[in-house]
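Accompanying notes for the structure given below.
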Amino acid sequence: MEPTRPLTNTIDTMLLEERRYEPDPEFARQANAQPDIYERDWEEFWETEGRERVTWFEPFAKLYEWEPPYAKWYLGGKLNVCFNCVDRHVEAGNGDKVAYYWEGEPEDERRTITFADLQRDVVRFANALKGLGVKKGTAVGIYMSMVPELPVAMLACARLGAPHTVVFGGFSAEALSDRLNDMECELLITQDEGWRAGKKVPLKRNADVAVAQSPTVRKVVVHRRTGGEVAFDEARDAWWDALTKGKSDDPASAPCEPMDAEDLLYLLYTSGTTAKPKGIVHTTAGYLVGVATTHNYIFDVKPDSVYWCAADVGWVTGHSYIVYGPLANATTGVIFEGVPNYPNAERWWEIIERYKIDILYTAPTAIRSHMKWGPEHAARHDLSSLRLLGSVGEPINPEAWIWYREHIGGNRTPVVDTWWQTETGMIMITPLPGVTTTKPGSATKPFPGVAAAVFSESGEQVAPGGGGYLVLDRPWPAMLRGIYKDDKRFRDTYWSKYEDVYFAGDGARIDEDGDYWLLGRVDDVMNISGHRISTIEVESALVDHQKVAEAAVCGRADERTGQAIVAYVTLKGDEEGSIEMLEELRDHVAKKIGPIAKPANIVFTPELPKTRSGKIMRRLLRDVAENRALGDTTTLADPTVVEEIKERATADASED
Ligand code: WTA
């Protein structure tokens, strides 16, 4: 293993944070979570939540089974996720309740979708999918922007028992194709184009390039969003509207498939320490119970709440807390198609004012952007409907936490900093509003029914006051059931550092009160605006360019995006580094992975610093990238290389 990043710097600054926020007594009285929730026996907790929060076609017989590293939950139970998210609410008389307010990027485009509307849309589309041969077990890829048809597509798949993989609309054709191939998708659901900051994103064009390299895909369903011209293969492609036209919207015409508790619900691909993304496996019952339970207690959702998770459905946050968790709880949600600063920096605050949103869940990178644009944009709007603020995706620095609470929450709302991962499926470490005394920058305590610890390198539990690696030492309902088709990688990545204990790959410190302070990744995974990207993926994309001989990539601290990507590139033969070359390489990475993976800096260097055994010294590159004093360079094959890199880093740095 590469040496892990020293955690001491972060720990020092964290120690200085001593502000405390006690729960407001009025909030505490009405909160969904009461203090005794922490006293509940963890098995009783998940047993009760499992029985009460979910509607079963057949009840489960056994709570869980744990054969490390594989767990099963709610064994013997039969249920359907779409039934739980849609049909049962209509049957209970909540058909007129709003499921989603959809706000398009063009300012005059809005839709209000009730649970009854959602059911009709889902049933019609499920019938269309059935017509294309989709049935239980058919793998479906989804590549869309933030349109209501995206959750409709996911729910229709869940209804039929067809597992989906949603690929973020900002990913490139190649990234899409890799995922379609790994899951062996038979169908791809996409759209003509998406809106992003006034520009059109060519989703169908990317999909065409991807499908040309994905032989298992036999049909492509295309939702018309912008109405822009797109290529259309009559034999393979079908328009969403043509397919659903005249299809029955009677729920009985496309019944909810009774699924086993452990049937596959979806795969979501995430970055690891090799170039190949991992297909994280999530199954049916445990996942649904986990996301619905956490959503209820952590966001203190009420029947009349208007809840907005401003993430993209293409990431796990959107899966768990825009689609499955909130819908299972019959919550009214908001889906926003656009970006926070288009047409201007007031857009978000207009949305909160318009829908009287009471719960906002977003990422530190977005909060820091708003800080940069200034508090005056929010100040022009009535945000008094807000009762609760949430944060996810990366460590939130205390300044951003305080700004969020003061300028957005009117110094009144609790802030919940929620730690979790694609792999955990649900929030794992978090305050409970009304119960927990919060500290800016701390995710505080494991959720009830969840066990976590901080371990030293050698596997000893670290006592309060100490730092080390975050682990989860007990199975939980929404946990990943493996990496798709790769048992070895599953064991190696999460279960080999400590025996039968889940290794999260994050550093953490635990304070005297037992509160957790997350310190960022300790492996070669960067966190850019809350999105995980592995160094090796970007390196592979760079080396794929014909003029590149070698590349090393690392993250450096960035005020707004948390981390930014720095690449060190050695060109082939007598190629010279230039601004043009730099742009060409950035575009190449965007093409291979997606614009989010574009390096912010590229440093051209005749050689990369290596150990005697030929390993690239990433730790050193990180030091250079962050302008820190250089670490120990004596293991370098050629110590002068570092000095040279340092000089060039200052000379060539190019900002986005
Ligand atoms: C980081 C996103 C600190 C962490 C839900 C984790 C956080 C990775 C927090 C997972 C938080 C997420 N505080 N760090 N509140 N939330 N992270 O899979 O490094 O996209 O391992 O899931 O994001 O990213 P993923």
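Note that these values count all heavy atoms, side chains included, but never hydrogens, waters or copies made by symmetry. We count ligands from 1, going down the list as the structure has it; atoms in each ligand are counted the same way.
- The shortest N or O to N or O distance between Thr317 and ligand 1 is not under 3.5 Å.
- Relative to atom 23 (O) of ligand 1, the option among Ala504, Gly393, Gly507, Ser271 with the closest non-hydrogen atom is Gly393.
- Nearest protein heavy-atom neighbour of atom 8 (C) of ligand 1: Arg532 CD, 3.8 Å.
- When heavy-atom distances to ligand 1 are checked against a 4.0 Å cut-off, Thr422 comes that close through both its backbone and its side chain.
- Closest heavy-atom approach to atom 4 (C) of ligand 1 among the candidates Ile396, Leu470, Asp506: Asp506.
- Of the N and O atoms on the side chains of Thr284 and Glu262, not one donor lies less than 3.5 Å from an acceptor on the other residue.
- For the residue pair Asp558 and Thr561, a side-chain donor N or O sits within less than 3.5 Å of a side-chain acceptor on the partner.
- Distances between N or O atoms of Val392 and those of ligand 1 include no value under 3.5 Å.
- Formation of a donor-acceptor pair under 3.5 Å by the Asp312 side chain with backbone atoms of Trp315 is not found in this model.
- With ligand atoms numbered from 1 in the order given, ligand 1 contributes 9 (C), 11 (C), 15 (N), 16 (N) to contacts under 4.0 Å with heavy atoms of Thr418.
- Here the shortest heavy-atom distance to atom 14 (N) of ligand 1, taken over Met526, Met428, Glu394, Arg521, belongs to Glu394.
- When each of Thr165, Asp178, Asp182 is checked for a side chain to side chain donor-acceptor pair (under 3.5 Å) with Tyr269, only Asp182 meets the rule.
- Under a 4.0 Å heavy-atom criterion, Trp420 is in contact with ligand 1.
- The contact set between ligand 1 and Leu518, taken as ligand atoms under 4.0 Å from a residue heavy atom, comprises 3 (C), 13 (N).
- A side-chain donor from one of Thr418 and Tyr361 sits under 3.5 Å from a side-chain acceptor of the other.
- Neither side chain, Asp417 nor Tyr516, offers a donor N or O lying under 3.5 Å from an acceptor on the other.
- Among the atoms of Asp417, some N or O lies under 3.5 angstrom from an N or O of ligand 1.
- Distance check: Asp358 CG to Phe299 CZ gives 12.0 Å after rounding to the nearest 0.5 Å.
- Taking OH of Tyr266 as the start and CE of Met154 as the end, the distance is 7.5 Å to the nearest 0.5 Å.
- Contacts with ligand 1 closer than 4.0 Å are made by side-chain heavy atoms of Asn527 only, the backbone lying farther away.
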